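Keep in mind that this is a model prediction, so the values were computed, not measured.
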Amino acid sequence: LHPYEHGSGGQQITPKVLLIEDADSWATGYQNEVVLNSLNIPYTRIYSNQLAQTDLYQYTHIIIPSDQPQAMYNNLDLNMNRITGWVQDGGSFQFNGCDVGWAGGHWTYGPGSLAHVYPVYRQQNYIKAPDHPILQGMTNSNFYNWNYVSHGYFTNVPANSRTLLS
């Protein structure tokens with residue numbers, strides 16, 4: 001995410017992020033909020049049980065942190081058709097899908113036809129988009145031996161998705 005992005009017609013728009021989070025993933029101190037605050041990107045944090053009543057079209061981005069409790073993934077499933085429609089209408093969806101972690105939750109289906117196969121634990125991830133700003137200055141060695149850097153993999157990935165790591 002950049003502090004200012006270009007909308008239709010070339011005008012700059014300020015991103016407005018919806019952070020849907022029931023728990024501090026991996027007990028790291030709510031790092032998604034730390035990053036958004038450090039970049040001065042406005043966001044609203046809600047619990048997943050508030051999702052059904054939330055107007056997604058108020059936001060340019062939705063972020064789902066990894067390692068959430070099962071209730072979070074259940075609520076996400078109940079709202080996935082709404083999220084899919086919002087993405088198809090131009091919304092940006094960042095789904096940090098690492099589950100089966102400390103919070104004990106797991107998910108199976110994401111937006112569109114995205115499916116998740118788990119648990120398949122791997123010690124290594126590989127950079128697939130070295131030009132992406134999030135990965136600048138990093139190499140594959142940055143994603144090795146994290147006590148299982150991956151807990152599964154995706155199938156039926158939507159054609160217009162961009163894979164950063166695999």
Gap between atom [atom2] of [Y] and atom [atom1] of [X] - 0.5 Å precision:
{"X": "E21", "Y": "N32", "atom1": "CD", "atom2": "CG", "answer": "6.0 Å"}
{"X": "R82", "Y": "T54", "atom1": "CZ", "atom2": "OG1", "answer": "7.0 Å"}
{"X": "W26", "Y": "N96", "atom1": "CH2", "atom2": "CG", "answer": "11.5 Å"}
{"X": "L51", "Y": "I83", "atom1": "CG", "atom2": "CD1", "answer": "5.0 Å"}

Let's go through F95 and W107 carefully: what are the C-alpha distance in whole Å and the side-chain angles of both, what is the deciding distance for ring-ring contact (aromatic ring centres under 6.0 Å, His included) to 0.1 Å, and is it a yes or a no?
CA-CA 11 Å; F95 187 19; W107 66 276; 4.6 Å; yes
Return the minimal non-hydrogen interatomic distance between [X] and [Y], and the atom names on each side.
{"X": "M80", "Y": "G110", "result": "CG-O, 3.4 Å"}
{"X": "Y148", "Y": "Y121", "result": "CD2-CB, 3.3 Å"}
{"X": "P69", "Y": "A23", "result": "CD-CB, 3.8 Å"}
{"X": "N140", "Y": "Y126", "result": "OD1-CA, 3.3 Å"}
{"X": "P65", "Y": "S25", "result": "CB-OG, 4.1 Å"}
{"X": "W102", "Y": "D67", "result": "N-OD1, 2.9 Å"}

Between the side chain of [X] and the main-chain N/O of [Y], is any donor-acceptor distance below 3.5 Å?
{"X": "R122", "Y": "G152", "answer": "no"}
{"X": "Q94", "Y": "I62", "answer": "no"}
{"X": "D22", "Y": "Y47", "answer": "no"}
{"X": "Q50", "Y": "S48", "answer": "no"}

With a 4.5 Å cut-off on side-chain heavy atoms, are H116 and D99 touching?
yes
State yes or no: do L56 and L114 share one hydrophobic cluster built from I, L, V, M, F, W and Y residues joined by side-chain heavy-atom distances below 4.5 Å, directly or via other members?
yes
Less than 3.5 Å apart, any donor N or O on the side chain of Q70 or N74 sitting next to an acceptor on the other?
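The answer is yes; a qualifying pair exists.
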